[in-house]
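Here's the structure we're looking at; comments come further down.
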Amino acid sequence: MIQIIHKYKSLPCLNKLLINTATRVYEGEGVETNRTTTLILCSDYFIRKLNREYRGKDKPTDVLSFEFGDDDLLGEVYISLQRAKVQARAYGLTYEEELKRLLVHGLLHLMGYDHIKKTERAVMEEREKRYFI
C-alpha cells in the first residue's frame, strides 16, 4: 500500500508510524489497499525544486502530493523532513506527530480533498483531525 523512499538520511524516517498512519487513512476513506502510494521523505532543497517546477513557487514547502489517476498507483507524497522538524517545534508537536500530520494531509489530497475554498478547507481539516489521533 505504501512504499517509503528515505532520501534525507539526516533525520529519521519512522517507517512503522508512517505505514500505520497510511493504513488508517486508506481504511477510513475506503481506498483499496492494493493501490500504492509512494512516500518520498526528502530535504528542503529537493522539495523546493519540485515546488518551483510544478507549482511555480520558489520556496520549500512541507508536503506535496501528485495524483496519477492510475488504478494501481494512487500517487506520490513528498514530505520535507527538515520542514517537519522545524514545524513540529513551531506547532508544539513532536517530530513524529508532525510527520503523521503531513502524511495524512498529503494522502487526503490524493484522495480528492482540497483546501482552496473555505468549505473545502473545513471538510479537509475535519478529516485530518479524524486521522491525527
Side-chain angles (χ1 to χ4, degrees):
M1 153 188 15
I2 189 161
Q3 173 190 8
I4 301 172
I5 300 171
H6 189 195
K7 294 179 72 73
Y8 188 72
K9 305 289 185 184
S10 296
L11 289 168
C13 170
L14 309 174
N15 280 351
K16 187 173 180 179
L17 172 83
L18 297 171
I19 291 167
N20 289 341
T21 300
T23 301
R24 186 172 154 88
V25 175
Y26 265 67
E27 289 174 354
E29 295 300 315
V31 175
E32 295 179 28
T33 55
N34 66 334
R35 296 193 72 198
T36 303
T37 299
T38 303
L39 172 61
I40 299 92
L41 303 170
C42 60
S43 66
D44 275 355
Y45 175 78
F46 189 86
I47 209 165
R48 179 181 182 171
K49 286 181 7 181
L50 291 174
N51 204 23
R52 180 176 53 237
E53 183 175 342
Y54 292 100
R55 298 182 65 228
K57 298 183 179 189
D58 190 15
K59 62 181 183 176
T61 188
D62 51 7
V63 61
L64 289 173
S65 298
F66 297 97
E67 184 182 358
F68 295 127
D70 185 273
D71 289 341
D72 297 325
L73 181 61
L74 189 61
E76 293 178 339
V77 175
Y78 292 80
I79 295 176
S80 167
L81 295 181
Q82 289 174 295
R83 285 293 97 219
K85 184 176 180 183
V86 169
Q87 287 177 182
R89 220 175 296 126
Y91 300 155
L93 301 172
T94 65
Y95 174 72
E96 292 82 4
E97 289 170 329
E98 182 62 0
L99 272 183
K100 182 177 175 180
R101 188 188 74 78
L102 292 173
L103 176 58
V104 168
H105 186 88
L107 288 173
L108 289 175
H109 273 303
L110 293 182
M111 296 172 186
Y113 293 93
D114 211 338
H115 48 79
I116 295 171
K117 296 178 183 173
K118 189 176 182 178
T119 54
E120 293 173 332
R121 179 179 300 277
V123 170
M124 189 165 181
E125 287 175 354
E126 181 273 323
R127 301 309 280 179
E128 288 176 341
K129 287 177 189 170
R130 176 180 179 185
Y131 299 116
F132 188 63
I133 296 170

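- The closest side-chain heavy-atom distance from Asp62 to Arg101 is below 4.5 Å.
- Pairing each heavy atom of Leu93 with each of Glu97, the nearest pair is CA-OE1, 3.3 Å.
- Grouping the Ile, Leu, Val, Met, Phe, Trp and Tyr side chains by contacts below 4.5 angstrom, directly or via other members, places Tyr26 with Leu39.
- In terms of hydrophobic clustering, with Ile, Leu, Val, Met, Phe, Trp and Tyr side chains grouped at heavy-atom distances under 4.5 Å, Met124 and Leu74 are assigned to a common cluster.
- Val31 and Leu108 fall within the same hydrophobic cluster, where Ile, Leu, Val, Met, Phe, Trp and Tyr residues are linked whenever their side-chain heavy atoms come under 4.5 Å apart, directly or through other members.
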List the steps, then state whether side-chain contact (heavy atoms from CB on, under 4.5 Å) holds for Arg127 with Arg130.
CA-CA 5 Å; Arg127 301 309 280 179; Arg130 176 180 179 185; 2.6 Å; yes
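- To the nearest 0.5 angstrom, Glu67 atom CD is 10.0 Å from Met111 atom CE.
- Closest heavy-atom contact between Gly106 and Ser65: O-OG, 2.8 Å.
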What's the verdict on side-chain contact (heavy atoms from CB on, under 4.5 Å) for Val63 and Val77, showing C-alpha distance, side-chain angles and the deciding distance?
CA-CA 7 Å; Val63 61; Val77 175; 3.7 Å; yes
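- Formation of a donor-acceptor pair under 3.5 Å by the Arg35 side chain with backbone atoms of Asp70 is found in this model.
- Residues Ser43 and Ser80 approach most closely at C-OG, 3.7 Å, considering heavy atoms.
- Other residues, nucleotides and ligands contribute over 12 non-hydrogen atoms within 6.0 Å of the CD atom of Glu126.
- Taking CZ of Arg24 as the reference point, atom CD of Glu29 lies at 11.0 Å (rounded to 0.5 Å).
- Separation of atoms NZ (Lys49) and OH (Tyr78) is listed at 11.0 Å; rounding is to 0.5 Å.
- Shown here for Leu107 and Ala22, the closest heavy-atom pair between the two residues is CD1-CA, 3.7 Å.
- In this structure, Tyr45 places its OH atom where only 12 or fewer heavy-atom neighbours from other residues, nucleotides or ligands lie under 6.0 Å away.
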Give the intermediate values and the outcome of side-chain contact (heavy atoms from CB on, under 4.5 Å) for residues Thr21 and Val104.
CA-CA 7 Å; Thr21 300; Val104 168; 3.5 Å; yes
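- When the side chains of ILVMFWY residues are joined at heavy-atom separations under 4.5 Å, either directly or via intervening members, Ile47 and Leu103 end up in two distinct hydrophobic clusters.
- Across Leu99 and Ala84, no two heavy atoms sit closer than the pair CD2-CB, 4.1 Å.
- The shortest distance between side-chain heavy atoms of Leu102 and Arg83 does not fall below 4.5 Å.
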Residues Arg48, Asp58; criterion side-chain contact (heavy atoms from CB on, under 4.5 Å); working and verdict
CA-CA 6 Å; Arg48 179 181 182 171; Asp58 190 15; 3.0 Å; yes
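- Counting only distance, with no hydrogens or angles, the side chain of Asn51 and the backbone of Lys59 share a donor-acceptor pair below 3.5 Å.
- Residues forming a side-chain hydrogen bond (donor to acceptor under 3.5 Å, both in side chains) with Gln82 (at least two apart in sequence, or on another chain): Tyr8.
- Atom-to-atom distance recorded for Leu41:CG and Leu81:CG is 5.0 Å, nearest 0.5 angstrom.
- The stretch residues 86-114 participates, sequence neighbours left out, in these ring pair (Phe, Tyr, Trp, His ring centres under 6.0 Å) pairs: His105-His109, His105-His115, His109-His115.
- One finds the CD1 atom of Ile40 at 5.0 Å from the CD1 atom of Ile5 (value rounded to the nearest 0.5 Å).
- Taken to the nearest 0.5 Å, the CD1 atom of Ile79 stands 13.0 Å off from the NZ atom of Lys100.
- Under a hydrophobic-cluster definition in which Ile, Leu, Val, Met, Phe, Trp and Tyr are linked whenever side-chain heavy atoms come within less than 4.5 Å, directly or via other members, Leu73 and Tyr54 are assigned to the same cluster.
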